[in-house]
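Presented below is the structure to which this report refers.
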Amino acid sequence: MSTVTHGNSISSIGNLKNDPDHLLVLVHGILASTADWTYAEAELKRRLGKNYLIYVSSSNTYTKTFTGIDGAGKRLADEVLQVVKKTRSLKRISFLSHSLGGLFARYAIAVLYSPDTYSRDQPGDLANNMTEYLQETNFSKGGLIAGLEPINFITLATPHLGVRGKKQLPFLLGVPILEKLAAPIAPFFVGQTGSQLFLTDGKPDKPPLLLRMASDCDDGKFLSALGTFRCRIIYANVSYDHMVGWRTSSIRRETELSKPPRQSLDGYKHVVDVEYCPPVPSDGPKFSPKAVQAKEAAQNAPNTQSTVEYHEIVEEEMIRGLQLLGWKKVDVSFHSAFWPFFAHNNIHVKNEWFHNAGVGVIAHVADSLKQQEASSVLSASL
């Protein structure tokens with residue numbers, strides 16, 4: 001039986017027999033809470049066994065998700081460190097995140113990253129070790145997250161490229177005037193997080209946060225941290241997701257989208273396709289002079305053409321940066337579900353009664369975790 005805990009009970013971790021050695025952190029999305037993981041938590045507990053400590057993050061509930069991806073990521077990192085310090089048996093770590101939680105997790109792992117070894121007894125703030133990071137050009141050379149071996153980094157319907165652009169925020173229906181108005185309005189409703197998701201944060205000489213998170217930079221070794229994980233998996237809704245578009249959740253260009261299969265994979269209802277995308281070498285993401293000029297033009301003489309040009313450049317840079325790493329991309333289609341328009345909540349079964357169309361997705365996640373667990377144990381024994 002695996003150990004399961006929430007943010008309000010970590011003091012009791014590590015006092016049981018058969019202590020777990022693999023920490024699985026579940027991270028919810030915007031305006032959400034630990035209750036969003038009730039079904040998935042129980043199902044993962046049942047399927048994964050006693051080696052896992054399944055921990056549901058509680059540091060960014062409800063309106064705390066409005067305070068910015070960076071602020072939420074730092075809180076998540078602190079929370080994970082507390083769990084690790086109280087659970088002496090842990091050796092490995094994985095993350096499973098839904099929606100905005102995937103961006104929180106990407107920021108947190110950069111805070112928790114160390115390039116070679118890190119002792120949980122090491123004094124001082126882990127974030128202070130940022131100045132000691134190695135300058136790596138190969139982002140898959142290894143390292144630790146919170147002093148543990150990183151195994152899986154999994155996101156479900158996460159807006160990796162933000163929500164700026166055509167149909168990246170589907171409930172706007174791709175209507176240009178609505179998409180144009182949404183960017184300046186978003187911060188009034190969802191605070192700093194809105195500015196970061198719409199790529200309106202930063203200055204001409206400082207890229208938006210999401211672009212910086214597609215690289216190793218002064219803010220953190222974001223790609224190096226992602227590269228330490230044995231497996232990176234992104235689940236994306238191909239349609240009916242009103243919050244996160246297919247392109248941004250699957251880190252694809254518009255030209256890379258094709259009509260998805262309609263038949264589910266055996267044993268995993270509504271999971272329609274799995275594609276492994278190897279790393280794509282390039283010079284890496286950079287805020288090019290062309291992008292600087294485009295942003296200045298968009299600010300000084302706002303018009304549709306200059307604004308679109310700037311954000312197209314930024315999106316391409318984010319894709320190029322994230323594609324320096326290999327990803328397993330899993331496409332999910334709820335077209336045949338009774339309530340297909342609940343796709344954003346179906347994908348992680350937010351509510352067992354209303355969103356149970358996603359049980360096949362959670363089963364697929366569990367089997368992916370088990371597969372990597374088995375391979376990591378095997379490699380450790382060799």
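These values consider heavy atoms only, across backbone and side chains, with no hydrogens, waters or symmetry-generated copies.
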Answer yes or no: is there a donor N or O on one side and an acceptor on the other, between the side chain of K329 and the main chain of R252, under 3.5 Å? no
With a 4.0 Å cut-off on N to O distance, would you call R247 and E256 a salt bridge? no
Any side-chain to backbone donor/acceptor pair from T248 onto G162? Under 3.5 Å, distance only. yes
Compare all side-chain heavy atoms of I54 with those of W37 and state whether any distance is below 4.5 angstrom. no
For the side chain to side chain contact (heavy atoms under 4.5 Å, CB included) test, which of V25, I151, N152 pairs with F95? V25
Output yes when a side-chain donor or acceptor of R75 lies under 3.5 Å from a complementary backbone atom of K64, and no otherwise. yes
With rounding to the nearest 0.5 Å, note down the distance linking NE2 in H348 to OG1 in T38. 9.5 Å
Check Y235 against I154 and note the closest heavy-atom contact, atom names and distance. CE1-CG2, 3.7 Å
Reported CZ-to-CD distance for the pair R212 and Q196, which is rounded to 0.5 angstrom: 8.0 Å
Do H28 and T34 have a side chain donor and acceptor closer than 3.5 Å? no
Is a side-chain N or O of N237 found less than 3.5 angstrom from the main chain of A343, in a donor-acceptor match? yes
Walk me through whether R47 and E43 qualify under salt bridge (charged side-chain N to carboxylate O under 4.0 Å, His left out). CA-CA 6 Å; R47 287 174 172 267; E43 186 66 8; 2.8 Å; yes
Q192-D70 side chain donor-acceptor pair, cut-off 3.5 Å: no
Does one hydrophobic cluster hold both L324 and Y276, with members joined at side-chain heavy-atom distances below 4.5 Å? no
Tell me if a side-chain donor or acceptor on R164 pairs with a main-chain N or O of F198 at a distance below 3.5 Å. yes
Using modelled atom types and a 3.5 Å cut-off, is there a donor and acceptor pairing between side-chain atoms of S249 and backbone atoms of A236? no
From CA spacing to verdict: side-chain contact (heavy atoms from CB on, under 4.5 Å), F153, T228: CA-CA 10 Å; F153 189 88; T228 63; over 6 Å; no
For S239 and H335: C-alpha separation, side-chain torsions, deciding distance, then whether side chain to side chain donor-acceptor pair (under 3.5 Å) applies. CA-CA 8 Å; S239 59; H335 71 276; over 6 Å; no
side-chain contact (heavy atoms from CB on, under 4.5 Å) between I234 and V330: does it pass, once the steps are laid out? CA-CA 6 Å; I234 43 182; V330 183; over 6 Å; no
Which is it for D367 and Y268 under the side chain to side chain donor-acceptor pair (under 3.5 Å) test, yes or no, and what are the steps along the way? CA-CA 10 Å; D367 287 345; Y268 306 109; 2.5 Å; yes
Note: P281 and P279 closest approach over all heavy atoms is CD-O, 3.6 Å
So, does H364 use its side chain to make a donor-acceptor pair with the main chain of G360 at under 3.5 Å? no
Donor-acceptor contact below 3.5 Å, side chain R232 vs main chain G326: yes
Check whether S89 reaches the backbone of P20 with its side chain - one donor and one acceptor, N or O, closer than 3.5 Å. yes
Backbone N/O of L223 and side chain of D216: donor-acceptor pair under 3.5 Å: yes
Between D241 and W246, does any side-chain donor sit less than 3.5 Å from a side-chain acceptor? no
I'd like to know if R253 pairs up with E315 as an ion pair, taking the criterion as any Lys NZ or Arg NE/NH1/NH2 lying under 4.0 Å from an Asp or Glu carboxylate oxygen. no
Are the aromatic ring centres of Y240 and F334 under 6.0 angstrom apart? no
Does F222 have its ring centroid less than 6.0 Å away from the ring centroid of Y113? no
Determine whether S195 and P187 make a side-chain contact, defined as any pair of heavy atoms from C-beta on separated by less than 4.5 Å. yes
Atom CG of N60 and atom CD1 of I30: how far apart are they, to the nearest 0.5 Å? 11.0 Å
Check whether any side-chain heavy atom of H22 lies under 4.5 Å from a side-chain heavy atom of I93, and answer yes or no. no
Taking it one step at a time, do S99 and M243 satisfy side-chain contact (heavy atoms from CB on, under 4.5 Å)? CA-CA 9 Å; S99 192; M243 293 295 293; 5.6 Å; no
Does some side-chain heavy atom of F341 sit less than 4.5 Å from a side-chain heavy atom of H242? no
Test side-chain contact (heavy atoms from CB on, under 4.5 Å) applied to K350 and H98, step by step: CA-CA 10 Å; K350 179 176 181 177; H98 174 246; over 6 Å; no
